[in-house]
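Below is one structure, written out as C-alpha cells; the observations come after it.
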Number of protein chains: 2
Amino acid sequence: MGATKTDLFSKKQNELAAMAKALAHPARIAILQVLVKTNACVCGSLVDELGLAQATISQHLKELKQVGLIQGTIEGTSVCYCINPKAWQQYKEFFAMFFKELPENKPCC
Amino acid sequence: MGATKTDLFSKKQNELAAMAKALAHPARIAILQVLVKTNACVCGSLVDELGLAQATISQHLKELKQVGLIQGTIEGTSVCYCINPKAWQQYKEFFAMFFKELPENKPCC
DNA sequence: ACTATTCATTGCAATATTACGATTAATATT
DNA sequence: AATATTAATCGTAATATTGCAATGAATAGT
C-alpha cells in the first residue's frame with residue numbers, strides 16, 4: 001500500500017484533492033505568487049528569486065503546468081511562464097465552492 | 001533530500017502550503033464533506049461511509065485535527081467529530097485571498 | 001563551427017505519505 | 001468480572017515527493 005485509493009472517491013473529490021496537492025508546497029505557492037505579482041511573464045529568474053536548484057524549480061513548474069495552472073512559451077533560449085487565467089479562475093471557484101458556508105447553527109461537539 | 005526546505009519560504013507561504021496539504025487527499029475531502037453535510041457531528045461511521053480501514057480513517061482524522069480543521073469530543077466509547085467553524089472560515093479567507101483577482105490585462109505569454 | 005545560456009530530463013538518495021493488520025486503552029454492556 | 005465496542009497507536013510495506021548533480025537539447029552570440 002502507499003498509493004491513494006482514488007477509486008473509493010468521486011471524481012470531484014479526487015479533482016479537488018489534486019488541485020490542493022498542486023498548492024501543497026511552499027515553492028509552488030511562491031512561484032505562483034511571483035507570476036501573479038509580475039503578471040507579465042517571468043522566466044528562469046525564479047531560480048534566483050527562490051533559493052532552489054534549477055532542476056528543482058523546473059520540476060515544480062512541470063507540476064504546475066500539468067495541472068494547467070500555468071503556461072509557458074519558449075522565448076529564444078529562455079522560457080516565459082505565466083498564470084493561466086482560466087484555470088486560476090476555476091481554482092478560485094472550486095475552493096470557494098468547497099468552503100462555501102457552514103450551516104453553522106447546531107451546537108456541534 | 002526529500003524534505004521540504006521550509007526555511008527558504010515565508011511563514012505565509014509555508015502556512016498556505018500546509019493548509020493545501022491538509023486538503024490534498026480525497027479521503028480528507030470526503031471526510032470534511034460528510035462533516036459539513038451532517039453538521040451535527042459524526043463519529044466512526046466515517047469508516048462505513050468511506051471504504052477505508054479504521055486505522056487509515058483515524059490517521060486522516062488526526063491530520064485534520066492537527067491543522068485545526070476539525071475537533072472531536074469523546075462520547076462514551078465513540079468520538080464525535082465536527083468542523084471547527086473558526087478554522088473553516090480562516091481557510092476560506094486564506095484561499096479566497098490567494099486567488100483574489102488577477103490583474104488580468106497584459107497579454108501574458 | 002564553437003561557446004555560452006537556458007531549461008528539461010534522467011537518475012539517484014532522502015524523506016514523507018498512504019494504507020492496513022495488530023495491539024492497546026477506554027468506556028459500555030452483560 | 002467478563003465481554004464487546006470504539007477509536008488511537010504501533011509497526012510495517014508500498015508508493016510518492018522533494019531535491020540535486022549530471023546530462024541533454026535548443027537557441028543565441030561570437
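Residue numbers begin at 1 in each chain, while the letters A, B, ... track the order of the sequences. None of these values were measured; they are calculated from a predicted model.
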Of the nucleotides [options], which one has an atom closest to the side chain of [X]?
X	options	answer
E63(B)	dG19(D), dT18(C), dG21(C)	dT18(C)
S78(B)	dT5(C), dA21(D), dA7(D)	dA7(D)
T4(A)	dA8(D), dG21(C), dA19(C)	dA19(C)
V79(A)	dG21(C), dG19(D), dC7(C)	dC7(C)
R28(B)	dT18(C), dA8(C), dA22(C)	dT18(C)

Review point. So what does A55(A) touch, heavy atoms closer than 4.0 Å: a base, only the sugar-phosphate, or nothing?
Key: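 Base contact.
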Hey, is the side chain of [X] poking within less than 4.0 Å of OP1 or OP2 on [N], counting only N and O atoms?
X	N	value
H60(A)	dT17(D)	no
K21(B)	dA16(C)	no
K62(A)	dC7(C)	no
T56(B)	dT18(C)	no

Check your understanding: Considering only heavy atoms and no angle criterion, is a donor-acceptor pair shorter than 3.5 Å present between the side chain of Q59(A) and the base of dA8(C)?
Key ->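 Side chain to base: no pair present.
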Check your understanding: Would one find more than 12 heavy atoms of other residues, nucleotides or ligands at under 6.0 Å from atom CG of L8(B)?
Key -> yes
Practice item. Could you tell me which nucleotide pairs with dT30(C) by Watson-Crick or G-U wobble geometry, both distances under 3.5 Å, or answer none if nothing does? Key: dA1(D)
